[in-house]
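Each chain gets a letter, A, B and so on, in the order its sequence line appears, and its residues count up from 1.
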Protein chains: 2
Amino acid sequence: MAPIREMLAGTGLTEQQWRVLRVLDEFGPMDASRLSREAGLMASSLTRIVQSMMTDGLVTRETPASDRRRQVIGIASRGQKVLVENRDAALEIAENLRDRLGERDLERLLDLLEALAEVDPRN
Amino acid sequence: MAPIREMLAGTGLTEQQWRVLRVLDEFGPMDASRLSREAGLMASSLTRIVQSMMTDGLVTRETPASDRRRQVIGIASRGQKVLVENRDAALEIAENLRDRLGERDLERLLDLLEALAEVDPRN
DNA sequence: TATCAATAGTTGATATGTTAAGCAAATTCC
DNA sequence: GGAATTTGCTTAACATATCAACTATTGATA
């Protein structure tokens, strides 16, 4: 992930914040539980990450009337800006990885990691 | 690594502290640079980890006269005790993983991870 | 419907990851 | 042999991981 960190160096975003934005960009606004699953972040970490992203104008948060326990997170304007400015570079990094490792090996790796995760479903 | 954490729950050790003990147990005393490589810890993290392990009586630290920049880390008595008390359980956890994932897949996974690390040698 | 249990998030404490800056001892090199 | 560089380690600052405890809602149920 070092290349991603380099990409984000100028923006002040962390990898995890970037992941939050990407998930929201892909699936649209969602509540914190799902967001934490999709982004691979623990709920307690996500709480704090969203807080700092809100004060940085990267995301918005609102409580739906249907269930006032929930927090629905969405992309804010500065978040949209960061996404637009870095999407291409991120794709390039991903392609570069695929090229260097090889399509086949990358897929094998992902499969094996998934199998590993299922050995102990807590993760 | 969750099972390892469970194993250590009673001891007050962290995964990383356990890794430090295991490396020292396998290779004997060594300086901090090598220890950080072998245990997969950043030098700055290792500094703090060794400090807290020293105050917990898990490891010792001394400066060799030949190079007074170095810190040679060794196992202290309580560290030896923790090792002895958990070595078997740790082996069992490793075997269990090998069984569940399969010898072949585990090896493939390790190979692929190594290849991945070499794509970007910074890690 | 009053209670109890489950769900969704939050917070606090502690440990590590990451980066940058800094210090002291050893090495290099003119 | 002394300035400049490199090496080995440490510290500081900030972010996340992990676990436990806690609040507020909602849902279930007797």
Side-chain angles (χ1 to χ4, degrees), chain A residues 1-21 23 29-56 58-73 117 120 122-123, chain B residues 1-21 23 29-56 58-73 117 120 122-123:
Chain A
M1 298 289 105
I4 294 285
R5 278 199 295 278
E6 283 173 26
M7 174 188 87
L8 296 171
T11 70
L13 289 217
T14 65
E15 256 179 82
Q16 289 83 347
Q17 293 178 333
W18 171 251
R19 225 152 55 223
V20 165
L21 286 183
V23 167
M30 65 181 72
D31 57 74
S33 298
R34 181 170 170 211
L35 182 51
S36 81
R37 268 199 313 281
E38 301 279 4
L41 296 167
M42 309 232 102
S44 69
S45 296
L46 183 63
T47 293
R48 287 181 275 241
I49 291 170
V50 166
Q51 282 167 350
S52 79
M53 290 180 81
M54 271 181 18
T55 71
D56 292 347
L58 294 166
V59 298
T60 61
R61 186 177 64 174
E62 63 180 275
T63 301
S66 59
D67 186 343
R68 305 215 319 273
R69 291 171 303 186
R70 290 190 141 81
Q71 298 291 325
V72 173
I73 320 297
D120 189 333
R122 280 167 296 193
N123 303 308
Chain B
M1 298 291 104
I4 293 285
R5 279 198 295 277
E6 282 172 28
M7 172 187 89
L8 296 172
T11 69
L13 288 217
T14 65
E15 257 179 81
Q16 289 82 351
Q17 294 178 333
W18 172 251
R19 225 152 57 223
V20 165
L21 286 184
V23 167
M30 64 181 72
D31 57 75
S33 299
R34 182 171 169 208
L35 182 51
S36 81
R37 268 200 313 280
E38 301 280 4
L41 296 167
M42 308 231 105
S44 69
S45 296
L46 183 62
T47 293
R48 285 179 306 211
I49 291 171
V50 166
Q51 282 166 352
S52 79
M53 290 180 81
M54 270 181 18
T55 71
D56 292 346
L58 294 166
V59 298
T60 61
R61 187 176 66 172
E62 62 179 274
T63 300
S66 59
D67 186 342
R68 305 216 319 275
R69 291 170 304 184
R70 291 190 142 81
Q71 299 290 325
V72 173
I73 321 296
D120 190 333
R122 278 166 298 193
N123 302 311

Residue pair A/Gln17, A/Ser52: steps toward the side chain to side chain donor-acceptor pair (under 3.5 Å) verdict = CA-CA 9 Å; A/Gln17 293 178 333; A/Ser52 79; 3.2 Å; yes
Between atom [atom1] in [X] and atom [atom2] in [N], what is the gap in whole Å?
| X | N | atom1 | atom2 | result |
| --- | --- | --- | --- | --- |
| B/Leu41 | C/dA15 | CG | C1' | 12 Å |
| A/Met53 | D/dT16 | CE | P | 9 Å |
| A/Glu62 | C/dG9 | CD | C1' | 16 Å |
| B/Trp18 | C/dA15 | CH2 | P | 19 Å |
| B/Asp56 | C/dA15 | CG | C1' | 12 Å |
| B/Arg5 | C/dA15 | CZ | C1' | 12 Å |
| B/Met42 | D/dA15 | CE | C1' | 15 Å |
| B/Leu8 | D/dA17 | CG | P | 21 Å |

Give the nucleotide from the list C/dT18, D/dT16, C/dA15 with an atom nearest to the side chain of A/Gln16.
->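 Among C/dT18, D/dT16, C/dA15, the one nearest the side chain of A/Gln16 is D/dT16.
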Taking the side chain as every heavy atom from C-beta outward, state whether [X] and [Y] have any atom pair closer than 4.5 Å.
| X | Y | result |
| --- | --- | --- |
| A/Leu46 | A/Val20 | yes |
| A/Thr60 | A/Met54 | no |
| A/Met53 | A/Leu21 | yes |
| B/Gln71 | B/Asp31 | no |
| B/Leu41 | B/Leu35 | no |

Over all heavy atoms of both residues, which pair between A/Leu13 and A/Leu8 is shortest? Give the atoms and the distance, please.
->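 Nearest pair, atom of A/Leu13 first, then A/Leu8: O-CB, 3.7 Å.
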On DNA chain C, nearest-nucleotide positions of B/Arg19 versus B/Pro64: which is more 5'?
-> B/Arg19
Closer to the 5' end of DNA chain D via nearest nucleotide, is it A/Ser52 or A/Ser66?
->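 Closer to the 5' end of DNA chain D: A/Ser52.
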Would you mind building the protein contact string for nucleotides 1-14 of chain D? One character per nucleotide, 5' to 3', B for base within reach (heavy atoms under 4.0 Å), S for sugar-phosphate only, - for untouched.
-> ------BSSBB-B-
